[in-house]
S.K.: 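Sending over a structure as structure tokens; questions will come in a sec.
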Amino acid sequence: MVNRMRATRSHRDNRRAHHALSDVLLSRCPECSAPHLRHRACTQCGKYNGKVVIDVKAAVSKKEKKMKARQKELTAQGGK
């Protein structure tokens, strides 16, 4: 079957002209000058609006502890 009211190339492309992705807007942290997403806490120092909202050191130590446990588990499985 042939589509009788087919959209022409120009109409299709005009519609798709608004589908382009925009660039990510980054800001600089006033504390550590690291780039971060706007209206979000800095991932380097954990501060937002001059206040500490994320304890970055605790998060890093927790992640390292979890990785060590995972490595230990994998070596135990490999030894069987």
Side-chain angles (χ1 to χ4, degrees):
M1 183 162 109
V2 177
N3 190 356
R4 192 173 68 85
M5 298 299 287
R6 170 177 151 169
T8 63
R9 279 182 236 147
S10 61
H11 285 166
R12 179 198 63 205
D13 294 342
N14 281 333
R15 182 180 66 245
R16 292 180 183 174
H18 303 287
H19 291 188
L21 297 175
S22 59
D23 291 338
V24 176
L25 298 174
L26 297 176
S27 296
R28 290 267 175 204
C29 177
E31 303 291 329
C32 65
S33 300
H36 66 91
L37 290 173
R38 292 181 177 192
H39 303 288
R40 299 207 176 33
C42 177
T43 55
Q44 300 298 315
C45 64
K47 291 188 177 183
Y48 180 74
N49 201 16
K51 300 174 189 168
V52 177
V53 292
I54 301 172
D55 190 2
V56 177
K57 292 178 184 175
V60 169
S61 64
K62 183 178 178 181
K63 195 171 190 178
E64 287 175 355
K65 186 177 179 183
K66 197 171 185 179
M67 290 289 285
K68 286 180 185 177
R70 181 74 177 137
Q71 288 295 329
K72 195 174 187 180
E73 182 181 307
L74 288 174
T75 55
Q77 288 178 355
K80 287 183 179 181

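Keep in mind that this is a model prediction, so the values were computed, not measured.
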S.K.: Which distance, rounded to the nearest 0.5 Å, do you find between the CZ of R9 and the CG of N14?
M.R.: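 Here the rounded value is 13.5 Å.
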S.K.: Indicate the atoms forming the closest heavy-atom contact of H36 with C29, along with that distance.
M.R.: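 That would be CD2-N, 3.6 Å.
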S.K.: Considering all heavy atoms of both residues, which atom of G50 and which atom of E31 are nearest to each other, and what is their separation?
M.R.: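 Scanning both residues, the minimum pair turns out to be CA-OE2, 4.5 Å.
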S.K.: If you count every heavy atom of other residues, nucleotides or ligands that lies below 6.0 Å from R15 atom CZ, does the total exceed 12?
M.R.: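 Yes, CZ of R15 has more than 12 neighbouring heavy atoms, counting only those of other groups under 6.0 Å.
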S.K.: Can you measure from NZ (K47) to SG (C42) and round to the nearest 0.5 angstrom?
M.R.: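 Interatomic distance, K47 NZ to C42 SG, rounded to 0.5 Å: 10.0 Å.
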S.K.: With the 4.5 Å side-chain cut-off for hydrophobic clustering, are I54 and V60 part of the same group?
M.R.: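 Yes, same cluster.
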S.K.: Side-chain heavy atoms under 4.5 angstrom apart, residues restricted to Ile, Leu, Val, Met, Phe, Trp, Tyr: same cluster for Y48 and L25?
M.R.: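 They do not share one cluster, since no chain of ILVMFWY contacts under 4.5 Å joins Y48 to L25.
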S.K.: Identify the heavy atoms of P35 and L26 that sit nearest to each other, and give their distance.
M.R.: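 What the structure gives for the nearest pair is CB-CD1, 4.2 Å.
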S.K.: Looking at R4, is its backbone amide N or carbonyl O close enough to the side chain of R6 to form a donor-acceptor pair, meaning the two atoms are under 3.5 Å apart?
M.R.: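 Judged by distance alone, no pair lies under 3.5 Å.
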S.K.: Partners of Q71 by side-chain contact (heavy atoms from CB on, under 4.5 Å), sequence neighbours excluded?
M.R.: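 Checked Q71 against side-chain contact (heavy atoms from CB on, under 4.5 Å); zero matches.
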S.K.: Search all heavy atoms of R28 against all heavy atoms of S33 and return the closest pair with its distance.
M.R.: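 Where R28 meets S33 most closely, the heavy atoms are NH1-O, 2.8 Å.
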